Amino acid sequence: MSNIRAIRGMNDILPVDTPYWQYLERTVERVLGSYGYGEIRLPVVEQTELFKRSIGEVTDIVEKEMYSFDDRNGESLTLRPEGTAGCVRAAIQQGLLGVPQRLWYAGPMFRYERPQKGRQRQFHQIGVEAFGVATPDMDAELILVSARLWRQLGVEDSVELQLNSIGSPAARQAYRSALVAYLEQHREALDEDSQRRLDTNPLRILDSKNPDTQALLNGAPELVAYLDDESREDFDRLCALLDAAGISYVINPRLVRGLDYYNKTVFEWVTQRLGAQGTVCAGGRYDGLVAQLGGKATPGVGFAMGMERLVLLLQEIGAAGAVAATVDVYVISAGDDAQRAALAATEQLRLQMPELNIIQHTGGGSIKSQLKKADKSGARVALIWGEDEVAAGTVTIKPLREQGGVRQAQQSLPVQQIQAALRAALVSETE
RNA sequence: GUGGCCGUAGCUCAUCAGGUAGAGCACCGGAUUGUGACUCCGGAGGUGGCGGGUUCGAGACCCGUCGGCCACCCCA
């Protein structure tokens, strides 16, 4: 088959699924607005350099997962693999950092990975970032925002909050050396992946899924012991704030992040219901990032949610808020005169009753076949214009569904009375 | 990048010691003159992912390739 197909890992989102997406988007917009966060819309393409400098040159994302290409003028551009870098870039460039700034954005991200459940090459994230506040009350606020979202979405029972502090860069550096020193002694006992990570990104060994490696880590130095005083204090204050707000969490001393810019607080919301890709939201503090990208030193905290994963979760639990639009009225006509009359009357109806979803039959066919379409559309009422109706200046209104176990008979009415008749037919059915 | 399973009508799947494909659902039409759902009857629809190979003959066997799912890895 030589048909053109979608790029691997870049999926179409079909009408059966979009209600879940819309539900998610609506909810996010409302909740973030209620906390005073403003939406920012950012380009999908940025200079490659932006991601190298923020995410880190030696991370997997930058080394082998970015969609990079040369622009026609020879400049290296990259489809954004995450949102924070672009948001920080925009905040610096647009002078948004003079005051505390609360921002959010949503959109597609691109990473060249092997697709699997909850992981695709074009995926969508909602990102939330807060700039200009160094104290842990801001960390707490972001966690509260996310917790509120889970509650509004009805997934709060399916997710667990994991928390950790990875301290200052210096503290992390010291810990990293200690960890490497320890693991070097046991190099042979490490799985192959972890041996590789020992040289490239040793902290990632902490969240290895290999049981032997995890066992080995029980004897390893702990990150907590290397934390600087400020990080430790901030972490304690954060926990106290979360306790006060009634947010439950699990401190996971082996929680680390894959992007280089994080410091101090890191957190993840994890679900058991989605298989291997169970992290539905993750983030942390990144106090050094703004300066690193050339802005005036400004602290920041943020998190990102994976929309595909949240949609999967919503579908998994059968979220009631995600309802597809239904058809109220299906308009049928027979003959050219009737079709013209029906078209005009339907347009009028849309003007008068904009809340209704009305499908006008197209493509011709017998009354019988049109009624079949009307039935399959799920419409509650059919409006029929035939030769008789046109001649008499009437329309036939035919209820298609039972109400209270009874199906009302169809009736023919003067065209002027459609609105009232529809109102009666549709309203009584919803009660 | 690695591994396992998989790829037959729009969808879900079946058949067969290898002899050029079936079902259900969906779709279209009909069961008297302009009326859906249920029922009955009939119909259309597949170069069996693609490309090679083995064979007198392959959807069935082999190789490659593309794609899907899941896991590793990575991460949201």
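Here the structure is a predicted model, which is why all the values come from computation and not from measurement. Per chain, numbering begins at 1; letters A, B, ... match sequence-line order.
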One thing to verify: whether [Y] and [X] come together as a salt bridge, which I'm taking to mean a side-chain N less than 4.0 angstrom from a carboxylate O.
X	Y	value
A:Glu82	A:Arg111	no
A:Glu184	A:Arg187	yes
A:Asp336	A:Arg340	no
A:Lys372	A:Asp375	no
A:Arg380	A:Asp328	yes

I'd like the [atom1] distance from [M] over to [N], given in whole Å.
N	M	atom1	result
B:G57	B:A71	C1'	40 Å
B:G3	B:U8	P	24 Å
B:C11	B:C69	P	15 Å
B:C28	B:A44	C1'	7 Å
B:G30	B:A37	P	12 Å
B:G18	B:G48	C1'	14 Å
B:U15	B:C61	P	13 Å
B:U12	B:A26	C1'	11 Å

task: Starting from the 5' end of RNA chain B, give me the residue, A:Gln125 or A:Ser208, whose nearest nucleotide shows up first.
output: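 Looking at RNA chain B, the more 5' nearest nucleotide goes with A:Ser208.
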message: I want to confirm an ordering. Mapping A:Gln277 and A:Glu389 to their closest nucleotides on RNA chain B, which one lands closer to the 5' end?
response: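 Result: A:Glu389.
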message: Hydrogens and angles aside, do A:Gln122 and A:Tyr67 bring a side-chain donor and acceptor to less than 3.5 Å of each other?
response: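 Side chains of A:Gln122 and A:Tyr67: no pair found under 3.5 Å.
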query: Under 3.5 Å, is there a donor-acceptor pair linking the side chains of A:Ser194 and A:Arg197?
result: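 Per modelled atom types, A:Ser194 and A:Arg197 side chains form a pair under 3.5 Å.
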message: Which residue in the set A:Tyr105, A:Trp21, A:Phe110 passes ring-ring contact (aromatic ring centres under 6.0 Å, His included) when paired with A:His124?
response: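 Of the listed options, the one satisfying the test is A:Trp21.
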So [X], base contact, sugar-phosphate only, or nothing? Heavy-atom distance under 4.0 Å.
X	answer
A:Glu82	nothing
A:Ala304	sugar-phosphate
A:Ala282	sugar-phosphate
A:Arg5	sugar-phosphate
A:Gly335	nothing
A:Ile126	nothing
A:Gly127	nothing

Spacing of [X] atom [atom1] relative to [N] atom [atom2], expressed in whole Å:
X	N	atom1	atom2	result
A:Gln120	B:C70	CD	C1'	14 Å
A:Gln122	B:A76	CD	C1'	14 Å
A:Glu402	B:C38	CD	P	13 Å
A:Arg114	B:G3	CZ	P	9 Å
A:Asp207	B:C74	CG	P	7 Å
A:Ile397	B:G36	CD1	P	18 Å
A:Tyr261	B:C75	OH	C1'	11 Å
A:Gln195	B:U2	CD	P	19 Å

Can you tabulate the close N/O pairs, meaning under 3.5 Å, that link protein atoms to atoms of nucleotides 9-12 of chain B?
none

Closer than 3.5 angstrom, by distance alone: can the side chain of [X] be matched with the main-chain N or O of [Y] as a donor-acceptor pair?
X	Y	value
A:Arg350	A:Ile358	yes
A:Glu389	A:Gly386	yes
A:Asp12	A:Leu14	no
A:Arg121	A:Glu113	yes

I want to verify a distance call: between [options], whose nearest atom is closest to the [X] side chain?
X	options	value
A:Pro115	B:C69, B:G36, B:C74	B:C69
A:Leu400	B:G36, B:A76, B:C72	B:G36
A:Glu113	B:C70, B:C74, B:U35	B:C74
A:Arg8	B:G68, B:U2, B:A76	B:G68
A:Asp60	B:U35, B:C74, B:C70	B:C74
A:Arg196	B:A76, B:G36, B:C73	B:C73
A:Arg111	B:C75, B:G3, B:C73	B:C75

side-chain hydrogen bond (donor to acceptor under 3.5 Å, both in side chains) between A:Glu268 and A:Thr279, worked out: CA-CA 7 Å; A:Glu268 278 188 20; A:Thr279 300; 3.0 Å; yes
- prompt: Do A:Leu217 and A:Leu206 touch side chain to side chain, with heavy atoms closer than 4.5 Å?
  reply: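 The answer is yes, as the side chains (C-beta and beyond) meet within the 4.5 Å cut-off.
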Taking only side-chain N and O atoms of [X], does any of them lie within less than 4.0 angstrom of OP1 or OP2 on [N]?
X	N	result
A:Arg309	B:C75	no
A:Gln116	B:A71	yes
A:Lys209	B:C72	yes
A:Arg257	B:A76	yes

message: Using only modelled atom types and a 3.5 angstrom limit, is any donor from either the side chain of A:Gln370 or the base of B:U35 paired with an acceptor on the other?
response: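 No.
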- line: Parsed dot-bracket for RNA chain B after applying the Watson-Crick and G-U rules with both distances under 3.5 Å and | for other-strand partners is (((((((..((((........)))).(((((.......))))).....(((((.......))))))))))))....
Please write out each protein N/O paired with an N/O of nucleotides 24-33 of chain B under 3.5 Å, distance rounded to 0.1 Å.
from	atom 1	to	atom 2	distance (Å)
B:C27	OP1	A:Lys376	NZ	3.2

message: Over 60° means perpendicular and under 30° means parallel, so tell me whether A:His361 and A:Tyr330 are parallel, tilted or perpendicular.
response: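 Taking A:Tyr330 first and then A:His361, their aromatic rings sit tilted (interplane angle of 30° to 60°).
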